[in-house]
Q: 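Below: one structure in structure tokens.
All chains are named by letter (A, B, ...) in the order of the sequence lines, taking the proteins before the strands, and each is independently numbered beginning at 1.
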Amino acid sequence: MLEKNYNPKEFEEKIYQDWETSGDFKPDMRSDKDAFSIVIPPPNVTGILHMGHALDDTLQDILIRYNRMLGKKVLWQPGTDHAGIATQMVVERNLAKEGISKHDLGREKFIETVWKWKAQSGGTITKQLRRLGASCDWSRERFTMDEGLSRAVRKIFVSLYKDGLIYKAKKLVNWDTKLGTAVSDLEVVQKEANGKMYYYKYPIEGETGEYVHIATTRPETMFGDTAVAISKDNEKLKHLIGKNCIIPIINKVIPIIADEHADPEKGTGAVKITPAHDFNDFEVGKRHNLPLVNILNKDGTLNENTPFNGLNTQEARKKTIEKLTELGLMDKIEDHPMVIPYGDRSGVVIEPLMTDQWFVDAPTLAKEAIRVVEDGEMEFVPKSYEKTYFEWMRNIQPWCISRQLWWGHQMPIWYGPDGHIFCEEDEETAQKAADEFYGKREELTRETDVLDTWFSSGIWAFSTLGWPDKSEYLDTFYPTSVLVTGFDIIFFWVARMMMMSMYKMKQVPFRKCYIHGLVRDEQGRKMSKSKGNTVDPMETIEKYGADALRFFMAAMETQGRDINLSEARIAGYRNFATKLWNAARFGQMNECVMQNGYSADKVELAVNKWIIAKAQEATQEVTQNLNDFRFSDAANAVYQFVWGSFCDWYIEMIKPILYGENEKDKSETRSTFAWVLDRILVILHPFMPFITTELWNNTAQRSVKLIHAPWPKDESIDVEAMNDIDWAVELISNIRSLRAEMNIPAGAKPIVYLKDANAESIKHIEQFNPIICTLARLEKLSAYDGDITPDMVQSVFRESTMLMPLKGVVDFAAEKERLNKELANVNKFLEGYKKKLSNPSFVERAPAAVVAEERRRQSEAEANKAKLEAALERIANF
RNA sequence: GGGUGUGUAGCUCAGGUGGUUAGAGCGCUACGUUGACAUCGUAGAGGUCACAAGUUCGAGUCUUGUCAUACCCACCA
């Protein structure tokens, strides 16, 4: 017997362990059905599960479990990401607590420490995923830095390099002064700040008292200026073009040039050009062949090309202003709201800096990645994200992949003594290539830079399946079926996966890409540690169970919208689980098990036919909606069926049968109950795997585990579905015969019985029992003043189970009115269609498909009309 | 500046291709909880679907505009 209370803590972990140890998550490679596969967006190995993961992985698990029940070969490939910067920062922070810096350890020792740390606490997130119920094939778990994946990374790097798609270049890149590394454009976030605009002037060379006035937010960069630009359309200032001016303090002469970058409307109309420290100025410098003067060290302090060697930019700015003021060159300082770039990880200001870096030729790789989406080989769901994707891909810039970090994939690049580059998969091969190149043995040195984390994530879809080796899994599961991820990661990951996969595999990495929104807090604010409004999914699971959290995520997931976390709602879904638990318990108490020889398509009682038809309807809805990635619709269909139809109505309706004496009816009803409960457990399983499994294991002997139970097919049973009108007709007929049989005078109130019956208790029982309630309201009878006997009550209880209470369809006059109204409506449509279709210009000019659609609707309306008329006829007598 | 969304009940949100009386959960009110229910049931109140014009026999849904709001991209000397 089931416990009295639903207590998820008691069985969730136990059930998960059984799945995992029994190998239930492994694909059934003998299945003759299609393959279905998902690669998990690898969480950061240092991370802990947050609500975003809970959403992302719940959706994936629903799809995985659903497809597994469809009998397909199903693989959910799990793994974690080494997350270069994030992980390095975590470990550095830990070391700092002991007063150690990474430089104290040296590169090798530091990396050792990271691995040690990973071994120690890297499993947290995968443990948490298990707690959520994620049915990943953990036996195949991968890590972006493990041996196989590292080999895949080297292989693809060499391939790209040899195809000329990876190159080294000295470019202006985003430089993180705290981490001491280059970062990609995507890793830079722009933040609003209250800055100041500094106005000052540069003396014109050879013309005492003449100046060119400049405005800048960063005066300290003036030592890197190599020109001042003015638009040639600037009537007021264009006379200065061609002259030279002098950078004060260092008294350096620079030219005044004409360039469109200088907008006459902005600032003073004259712009100082610092090509080595500003992306726009860099372009101007290129156009005019201006020299580059680097004024910053890699830690962001000013260097020897300035008078403030060693000072940071803030201090240098102060000094510069002081000096300019002394020289009488300052005009004014104004408040100026501005946007400043910060590193999204380090949180410090990003400086554009000239450095040697490695780049992937993204514009070339993007071409195929764009084509396959245009051609529909990969589809975004919702489709609108295509636009975002195209927009970004068509304007993509070379991708800076080198990072000056220690933790990550060291680039497979070796330099000869003369700087010649050898790019090979390992040192031995590189040495061989060098031997051949030089004709003698030369010492090689390896490039110290490591790769951007997203480089290895970019090949995740096939590297985890075994590439570059031949493997059954790669053949079977690539391309993967669908990628499920958040919109914030489209550029970082989806786009890169598309490019890398198209380059190497010549096939899309996934056929569909389902994009979901963010999980926000109760008020719709973004969750963040700094705001302190994060909710730990593990605490939620502890409190309400994993099933409740999962169902919440599914029920709230509507395409293209963020989800606001709501504890009340999660509690509501916990109540839903409780409800189901108790329904199952009710079944147990009434010995509702499948009888031998029971067949759902042979039931006779209306109430059983009805619930079976309803169950089929719900199954269809769930199936269709899951196929369409409409998670909330799928979840709500089960919810409505279980609570609204099964618990609220069916269970109430069958009580009299189960408590009565008609053994045949009892037997059929018990079996039907068991059948419907089974159906519920199956279609609910993808959403709530734990409670469904617990009930499955406890309600009868099973030959198959629920996780592998076959998903029901629509055509498996054939019950005669009854529509509302049919129910109403049958209901009222039964009441009439009942009334006649029991000799109840017309106008009498239907029978109620209580030990101490009185007017109040009659009212109560109306509310308690939907059957009685319906009877009462249906006939709108006045008070029954005859005797009420226990027999009469029994009789009504027993017989009335043949009836169907219907919410809403209780008043036949109203029903008639409704039908007539609808009929009038249909007639109106028909008139409209007739009018449209008899209009020659519409029929002749409109596209054939449109006309056909209109005709189809017309005939649909005609069929509807016939149906309504038939229904009206049927209730005409009531 | 460019782009993409969103605006529906007190709150949070559903409302494929226009078509009955616009729905759910929570909250609220009333009544009841005796037989699955750490609760549940029944009933109810609550909406000019942001605003305006248009297309249509018919608009929450389509078109245009306005207002509000969120996010993304670029830029701001």
Side-chain angles (χ1 to χ4, degrees), chain A residues 2 4-7 185 190 195 197-199 214-218 221 228-229 261-263 266-274 278-281 336-339 382 384-385 387-388 391-392 395 487-488 490-491 517-518 522-524 526 555-556 558-569 571-576 578-590 628 630 632-633 636 639-640 647-648 651-652 655 659 754-755 760-761 763-770 773 807-808 818-819 821-826 828-836 853 857 861 864 868:
Chain A
L2 289 166
K4 172 110 171 72
N5 295 321
Y6 164 63
N7 189 356
D185 298 348
Q190 310 286 338
M197 181 71 84
Y198 301 90
Y199 292 85
I214 323 258
T216 180
T217 52
R218 303 197 58 188
T221 62
V228 168
H261 173 59
D263 184 341
K266 283 188 183 161
T268 58
V271 188
K272 63 193 268 307
I273 302 297
T274 324
D278 182 284
F279 289 100
N280 282 312
D281 292 2
H336 180 74
M338 54 191 286
V339 180
S384 55
Y385 282 104
K387 278 187 196 162
T388 315
E391 188 62 25
W392 193 72
N395 298 304
F487 69 88
D488 50 331
I490 292 180
F491 303 142
L518 245 50
E522 201 115 32
Q523 282 84 42
K526 216 165 167 172
M556 298 304 288
T558 52
Q559 291 182 6
R561 197 156 177 150
D562 290 346
I563 291 177
N564 293 358
L565 198 72
S566 154
E567 184 163 347
R569 212 159 175 135
Y573 292 123
R574 190 268 325 271
N575 292 351
F576 172 63
T578 307
K579 188 87 180 167
L580 176 66
W581 182 269
N582 283 302
R585 231 163 56 86
F586 170 84
Q588 268 194 341
M589 290 159 84
N590 290 287
D628 296 344
R630 299 177 70 89
S632 72
D633 287 343
N636 286 325
Y639 183 93
Q640 292 303 334
C647 294
D648 280 356
I651 289 183
E652 290 306 324
K655 278 176 183 171
Y659 302 154
L754 272 184
K755 270 179 246 154
E760 266 309 293
S761 55
K763 243 173 94 189
H764 294 171
I765 203 159
E766 269 185 32
Q767 282 163 333
F768 164 64
N769 191 308
C773 182
K807 286 179 174 170
R818 189 186 70 84
L819 288 169
K821 216 164 151 186
E822 200 177 326
L823 193 61
N825 226 336
V826 170
K828 227 165 103 187
F829 299 154
L830 280 171
E831 235 172 84
Y833 295 135
K834 203 171 147 196
K835 201 169 139 195
K836 212 175 216 176
E853 174 65 13
R857 287 185 191 186
N864 198 11
L868 290 170

Q: What's the gap between G25(B) and U42(B) when it is taken at their P atoms, as a whole Å value?
A: 10 Å
Q: If I take atom CG in residue D278(A) and atom P in nucleotide C76(B), what distance separates them, rounded to the nearest angstrom?
A: 6 Å
Q: Take atom CZ of F576(A) and atom P of G25(B), then tell me their distance rounded to the nearest Å.
A: 12 Å
Q: Taking atom C1' in both G27(B) and G44(B), what distance in whole Å separates the two?
A: 14 Å
Q: Pick out the pairs of N or O atoms, protein on one side and nucleotides 9-15 of chain B on the other, that lie under 3.5 Å.
A:
| from | atom 1 | to | atom 2 | distance (Å) |
| --- | --- | --- | --- | --- |
| U12(B) | O3' | N564(A) | ND2 | 2.9 |
| U12(B) | O2 | R569(A) | NH1 | 3.3 |
| C13(B) | OP1 | N564(A) | ND2 | 2.9 |
| A14(B) | OP1 | T558(A) | OG1 | 2.9 |
| A14(B) | OP1 | R561(A) | NE | 3.1 |
| A14(B) | OP2 | R561(A) | NE | 3.4 |
| A14(B) | OP2 | R561(A) | NH1 | 2.7 |

Q: So does N575(A) get a side-chain nitrogen or oxygen closer than 4.0 Å to the phosphate oxygens (OP1/OP2) of G25(B)?
A: no
Q: For atom C1', what is the distance between G65(B) and C73(B), given to the nearest Å?
A: 26 Å
Q: If the cut-off is 4.0 Å, is K4(A) near the phosphate of A38(B), judged by side-chain N/O to OP1 or OP2?
A: yes
Q: Atom CH2 of W581(A) to atom P of A38(B): distance rounded to whole Å?
A: 12 Å
Q: Using the P atom as the point on both nucleotides, what is the distance between G1(B) and U66(B), in whole Å?
A: 13 Å
Q: Check the distance between G23(B)'s P and Q640(A)'s CD and give it to me in whole angstrom.
A: 13 Å
Q: Of the listed nucleotides (C73(B), A38(B), C40(B)), which one gets closest to any side-chain atom of F491(A)?
A: C73(B)
Q: Please report the distance, rounded to the nearest Å, between CZ in R585(A) and P in G35(B).
A: 12 Å
Q: Would you classify K272(A) as touching base, sugar-phosphate or nothing, given that sugar-phosphate means primed atoms plus P, OP1 and OP2, and contacts are heavy atoms under 4.0 Å?
A: nothing
Q: Can you name the salt bridge (charged side-chain N to carboxylate O under 4.0 Å, His left out) partners of D278(A), sequence neighbours left out?
A: none
Q: If anything within 90° of 0 is syn and all else is anti, what is G58(B)?
A: anti
Q: Can you list the steps and then say if M556(A) with L565(A) is a side chain to side chain contact (heavy atoms under 4.5 Å, CB included)?
A: CA-CA 9 Å; M556(A) 298 304 288; L565(A) 198 72; over 6 Å; no
Q: Residues two or more places apart in sequence or in another chain: which of them pass salt bridge (charged side-chain N to carboxylate O under 4.0 Å, His left out) with E391(A)?
A: none
Q: Between A22(B) and G46(B), how far apart are the two C1' atoms, rounded to whole Å?
A: 14 Å
Q: Starting at OH of Y639(A) and ending at P of G25(B), how long is that distance when rounded to a whole Å?
A: 6 Å
Q: Expressed in angstrom and rounded to an integer, what is the separation of F487(A) atom CZ from C72(B) atom C1'?
A: 8 Å
Q: By nearest heavy atom, map A584(A) and V339(A) onto RNA chain B; which one lands nearer the 5' end?
A: A584(A)
Q: Just how far, in rounded Å, is C1' of C40(B) from CZ of R574(A)?
A: 13 Å
Q: Kindly assign one of parallel, tilted or perpendicular to the pair Y6(A) and W581(A), based on the angle between their ring planes and the thresholds 30° and 60°.
A: tilted
Q: Provide the distance between the two C1' atoms, one in C40(B) and one in U56(B), to the nearest whole Å.
A: 48 Å
Q: Please list, chain by chain and in numerical order, all residues satisfying salt bridge (charged side-chain N to carboxylate O under 4.0 Å, His left out) with R630(A), sequence neighbours excluded.
A: D633(A)
Q: Quote, to the nearest angstrom, the P distance that separates A52(B) from U48(B).
A: 12 Å
Q: In dot-bracket form, 5' to 3', how is RNA chain B paired? Count Watson-Crick and G-U wobble pairs only if both distances fall under 3.5 Å, and write | where the partner sits on another strand.
A: (((((((..((((.....[...)))).(((((.......))))).....(((((..]....))))))))))))....
Q: At under 4.0 Å between heavy atoms, what does N280(A) touch on the DNA or RNA strands: base, sugar-phosphate, or nothing?
A: sugar-phosphate
Q: Taking G54(B) as the reference, what is the distance to U12(B) when you measure between their C1' atoms (whole Å, please)?
A: 33 Å
Q: Locate the shortest heavy-atom distance separating T221(A) from T274(A); write the atom from each residue and the value.
A: O-CG2, 3.5 Å
Q: Between D562(A) (side chain) and L518(A) (backbone), is there a donor-acceptor pair under 3.5 Å?
A: yes
Q: What are the two closest heavy atoms between N582(A) and K4(A), and how far apart are they?
A: OD1-O, 3.9 Å
Q: Would you kindly compare T578(A) and H336(A) by the position of their nearest RNA chain B nucleotide and give the one closer to the 5′ end?
A: T578(A)
Q: Please give me the minimum heavy-atom distance between Y573(A) and A555(A), naming the atom from each residue.
A: OH-CB, 3.3 Å
Q: Holding to side chain to side chain contact (heavy atoms under 4.5 Å, CB included), I want the full list of residues that pass it with A270(A), two or more places apart in sequence or in another chain.
A: V212(A), V228(A), I230(A), L237(A), T268(A)
Q: Specify the closest pair of heavy atoms between S566(A) and E522(A), including all atoms of both residues, with the distance to one decimal.
A: CA-OE2, 3.3 Å
Q: Check every strand shown and say whether T268(A) touches a base, only sugar-phosphate, or nothing at a heavy-atom separation below 4.0 Å.
A: nothing
